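Below is one structure, written out as structure tokens; the observations come after it.
Worth saying up front: this structure is predicted, and the values here are computed from it rather than measured. Residue numbers count from 1 along this sequence.
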Amino acid sequence: MEQAFSKSSRVAIVGGGVGGLTLANALQQQGFKNVSVFEQWATVKARGGHISCRPADQGGALGVLDRLGLRKEVEAVAQRTHWTILQMFNARQNVRVENYFLGPRIMREALQQILLGGVNPETLRFGMCLRDICEHRDGVELRFDGGDAERFDLVVAADGINSVVAPRLFPHESSKAFSGFVCYVCVAQGEFVPDGTFFEQHVDCGDHG
């Protein structure tokens, strides 16, 4: 018997990062009453640097922040929204655009804190390390370290590259297949990178790139 799904159904989101918290905000704003986000860490823990929240016409997520009503909060702590774009290829400048709107750039942890502030209290449950999942005809059971288990009508995997959920759903596929692309990122200051400049340097490595 198939289970009916409604806004009173129990929804579990595995992973309290940017993706999981964004979904929790969206669901609760749409009237879903029973949304739980499970995070294995004991506190908000972010990895990585800035996130560029670019406009939708650039393929970015700024429109999502608009819909969630969080754009002003993000822009209030972001460095800036307009940048000079300086793009180089093999040490030769080929693009320069002044005062270009790239949207706010915000530290990942700051964005997570803003998203966390947008959800209902007790939505995010820290220290819940998922061990296994078990699908049933009437729902999905989540099993955590320590022996706790809970059932939900819908489970969403937002637990990143080291996902516990993904290999159980797709046991013959790897989420860590090397794409052949490597990106090196650095932060620099000086006359060669003026303040407010978004700098990209592309290097042609031939058959090794």
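Of all non-hydrogen atoms in Cys53 and Ile106, the two that sit nearest each other are SG-CG2, 4.1 Å. Annotation for Val119 and Leu21: closest pair CG1-O, 4.3 Å, computed over non-hydrogen atoms. Closest of all the heavy-atom pairs between Arg67 and Gln29 is O-OE1, 3.6 Å. In terms of heavy-atom proximity, Val37 sits nearest to Gly15 at CG1-O, 3.5 Å. Heavy atoms only, all atoms of each residue included: Lys7 and Gln30 are closest at NZ-O, 2.6 Å. Between Ser8 and Asn34, the shortest heavy-atom distance links the atoms O-ND2, 2.7 Å.
When each of Asn120, Leu27, Leu23, Asn25 is checked for a side-chain contact (heavy atoms from CB on, under 4.5 Å) with Val35, only Leu27 meets the rule.
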message: What verdict does the ring-ring contact (aromatic ring centres under 6.0 Å, His included) test give for Phe38 and Phe144, after you've listed the backbone C-alpha separation in whole Å, the side-chain angles of each residue and the deciding distance to 0.1 Å?
response: CA-CA 10 Å; Phe38 295 98; Phe144 300 92; 4.9 Å; yes
message: side-chain contact (heavy atoms from CB on, under 4.5 Å), that's the test. Do Leu130 and Val165 meet it? Break it down for me.
response: CA-CA 9 Å; Leu130 183 65; Val165 180; 3.7 Å; yes
- request: Under the side-chain contact (heavy atoms from CB on, under 4.5 Å) rule, what do Phe5 and Leu154 come out as? Steps first, then yes or no, please.
  value: CA-CA 9 Å; Phe5 188 75; Leu154 174 67; 3.8 Å; yes
message: If you apply the rule side-chain contact (heavy atoms from CB on, under 4.5 Å), what do you find for Leu70 with Leu115, and how did you get there?
response: CA-CA 8 Å; Leu70 299 175; Leu115 291 167; 3.7 Å; yes
Verdict with supporting geometry, Glu39 and Asp159, side-chain contact (heavy atoms from CB on, under 4.5 Å): CA-CA 8 Å; Glu39 172 55 48; Asp159 48 345; over 6 Å; no
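Looking at Phe126 and Lys45, their side chains never come closer than 4.5 Å, going by heavy atoms from C-beta outward. Within the 4.5 Å cutoff, the side chain of Arg105 has no heavy atoms near those of the Ile51 side chain. A heavy-atom distance below 4.5 Å is found between the side chains of Leu116 and Leu124. Contact check for Phe32 versus Ser9: no side-chain heavy atoms found under the 4.5 Å cut-off. Taking the side chain as every heavy atom from C-beta outward, Gln28 and Thr123 approach each other to under 4.5 Å. Side-chain contact between Arg143 and Ile133 is absent, with no heavy-atom pair separated by less than 4.5 Å. Using a 4.5 Å heavy-atom threshold, the side chains of Leu62 and Pro104 count as touching. Contact of the Leu111 side chain with the Arg108 side chain is not registered, since no non-hydrogen atoms from C-beta on lie closer than 4.5 Å.
Around atom CD of Glu135, no more than 12 heavy atoms belonging to other residues, nucleotides or ligands sit under 6.0 Å away.
Tracing side-chain contacts under 4.5 Å through hydrophobic residues (I, L, V, M, F, W, Y), one reaches Phe170 starting from Val164; they form part of the same cluster. Residue Phe101 is grouped with residue Val64 when hydrophobic side chains (ILVMFWY) are merged at heavy-atom distances under 4.5 angstrom, including chains of intermediate members. Leu102 and Val97 fall within the same hydrophobic cluster, defined by Ile, Leu, Val, Met, Phe, Trp and Tyr side-chain heavy atoms under 4.5 Å apart, directly or through other members. No chain of hydrophobic side-chain contacts below 4.5 Å, direct or via other Ile, Leu, Val, Met, Phe, Trp or Tyr residues, connects Met107 to Val74. Val77 and Leu65 end up in the same hydrophobic cluster when Ile, Leu, Val, Met, Phe, Trp and Tyr side chains are linked at under 4.5 Å.
Arg10 and Glu150 are joined by a salt bridge, as a carboxylate oxygen and a charged side-chain nitrogen come within less than 4.0 angstrom of each other.
Note: Glu98 CD to Arg96 CZ = 4.5 Å, rounded to the nearest 0.5 Å. For the atom pair Glu109 CD and Ile114 CD1, the distance stands at 11.5 Å (nearest 0.5 Å).
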